[in-house]
Amino acid sequence: TMAALAVAAACCALGGSLGPGPGEWNLADPASVGLSRAALAQATEQIGKEGSPLCLAVAKDGELVVDSQWGFGAGDRLIESYSAGKTMTAVLMGLARDKGLFDLDATLASVGVVPRANWSREGVDWWPNVTARHLLTQSSGVGSARPGTKFTYDSSEYIAHLAYLLNTTTTRAVNRTAKEWATEHFAKPLGIPSLYSNQRTDPGHEGDTPLVDPDDIVCAGGDQPMTCSQFARVGQLILNKGKWLGENGTAVQMLSREYVDMMFTPQNPGIPGEFLMSDQYSLLSYVMNQNPPQGSGFEGPACNNQTRGLLVVPGMPNGTLLALGAMSRFLLVIPSQGVVIASFGSNTARSMLCSGHGYPTWSNEANPVLAALWRALGPALQPASDATSQVSANPDATRQLRRASKPAKTSEAALAPPRAAVTSEGACYCYCPFGQGIGRCFDGLSNESACQEYELTRTVPQPNITSYCPSVSEFIDCQDPQVPCLSGIENMALNDADTTECPAPANQTLGLTAVRTCTYRPVGYHVCFWEPNATCSPSAFFPHKPSA
């Protein structure tokens, strides 16, 4: 169900241009910050109809003007952020560095961090050279190159050393675990006190989860589950150049301006590595610096226009900071407009012309999805000449938008029956299709074979799977040949009702200026893992189902 833009009466949230501080972030009328209410509502409606959106939050000048949710994301469901959460890790490590816990250029070995990955994959032990800066800029070499000489993107065992660094230094300095310190100094001041409370068992290692005790370590690779409006708080802190409101409403420099400036600056442009990502990569974030003007595009099919890993969105202001996660998890911080956009979808992109229908489109699957988001939202973020008069001129429209607000919050208990007494020997964690780090946990199964029966290839039906796994939409550039949607992908079946076509005439648009979508609904789990002598640990990632 599509949730339209929700707008409250014209009033300023506490803190004005700095955002909400640790308190509630109430919706403001777009007109109060110079935007057109009608244009923003229309843009939000368009986003809700394209692909498989989950949620959208937009803040302008510190005021929250959009907080919409759709389908699987409705009811304030916490959505895993995937690698977009890396930007939060960058901010967290900046806070620790500013408080003197470590120096970015000190080797991790020198402060007592114990290595927990193979740092000598090519016969040379590079661990004594690894610094926090190397990990934050994805230039650690991952044991195959001298740190600082190659762009080596990582989401798991190597980047996890940032969490080990934080845990080592906080334990020594203040006798607090990394998770406790991060909650006290980052999550609570932002107004997201439960940010690090959802780390749970992930036996299949499908998510960017900690590789050690989750009660001590935060996940450096991202993946923290949250709503879009919660993620927008992180963007607002970055937009504020590190300033935030304390509990008493007084502005404080929570994160140093110098560190935020580094986040807006590619740190190692030109170093070799995967594609050209280093030309845009700063501190676990991207800086958009290659965007052509609005209305521009690319001639020819997507696979003939490789951007070699660069993010390119026509019309989006250069200088925008981007947190980027799989399945279209985005956080955009746009200083030139005073805007923060948090957008979570269940979307990917590919070109049907690429060999074997394979990845990637534009060498980065985010480009077509980001471009579609900006085509809808970008024009609505321009100043409205009549914005001031809207506040009182059209009260009926405001009331209508308020009535069409997001649905009431759905509790975890509503997703699954109450937990029953467990009489079996293990827990069965089943993951959603497309390699997602979420799914459903089953108790009451006696062995590994019974657990694996819950996979699509076996015989047990999967009722209510759409309550635990989202649909997925593929964005296909309209410049590509208009071949039919595939009948199914990775345990998902084509859902014709939510499939869209290119505007006529087909194949006549410039690349990255129009897309069509193929939407697939889940029909079975991707894979199931058995945890012997365990019971399910209900969380935002794995809601619980009692004995089958």
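Nothing here was measured: the structure is a model prediction, and the numbers come from that model.
- In this structure, Q267 contributes its side chain and T265 its backbone to a donor-acceptor pair below 3.5 Å.
- Going from atom CG of D223 over to atom CZ of R329 covers 8.5 Å, rounded to the nearest 0.5 Å.
- Side-chain contact between F186 and V91 is present, with at least one heavy-atom pair separated by less than 4.5 Å.
- In this structure the side chain of N291 never reaches within 4.5 angstrom of the side chain of W374, judged on heavy atoms.
- Rounded to the nearest 0.5 angstrom, D279 CG and I271 CD1 are separated by 9.5 Å.
- No side-chain donor from either of T500 and K49 sits under 3.5 Å from a side-chain acceptor of the other.
- Closest approach of T519 to S52, counting heavy atoms only: CG2-OG, 3.8 Å.
- Between E258 and M262, the closest side-chain pair of non-hydrogen atoms falls below 4.5 Å.
- The shortest heavy-atom contact between S278 and P266 is O-CB, 4.3 Å.
- In this structure, OG in S346 is found 4.0 Å from CE in M327, a value given to the nearest 0.5 Å.
- Looking at heavy atoms from C-beta onward, N26 lies out of side-chain contact with L64 at the 4.5 angstrom threshold.
- Here the closest non-hydrogen pair linking G319 and P335 is O-CD, 3.8 Å.
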* Could you go step by step and tell me if T227 and D76 meet the side chain to side chain donor-acceptor pair (under 3.5 Å) rule? -> CA-CA 6 Å; T227 65; D76 284 329; 5.4 Å; no

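- With hydrogens and angles left out, the side-chain atoms of T87 and S285 include a donor and acceptor closer than 3.5 Å.
- One finds the CE atom of M93 at 11.5 Å from the CG atom of D98 (value rounded to the nearest 0.5 Å).
- When all heavy atoms of N495 and R521 are compared, the closest pair comes out as CA-NH1, 3.8 Å.
- By the 4.5 Å heavy-atom criterion applied to side chains, Y281 and N268 are not counted as neighbours.
- Crowding of K188 atom NZ: a count of heavy atoms from other residues, nucleotides or ligands under 6.0 Å not exceeding 12.
- Here the closest non-hydrogen pair linking N318 and Q290 is OD1-N, 3.2 Å.
- In this structure, D67 and W25 have side chains that are not in contact, with every pair of non-hydrogen atoms separated by 4.5 Å or more.
- Minimum heavy-atom separation, Q253 to L255: NE2-O, 2.8 Å.
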* To do: Tell me, with the steps shown, if F344 and F231 meet ring pair (Phe, Tyr, Trp, His ring centres under 6.0 Å).
  => CA-CA 10 Å; F344 287 169; F231 203 16; 5.7 Å; yes

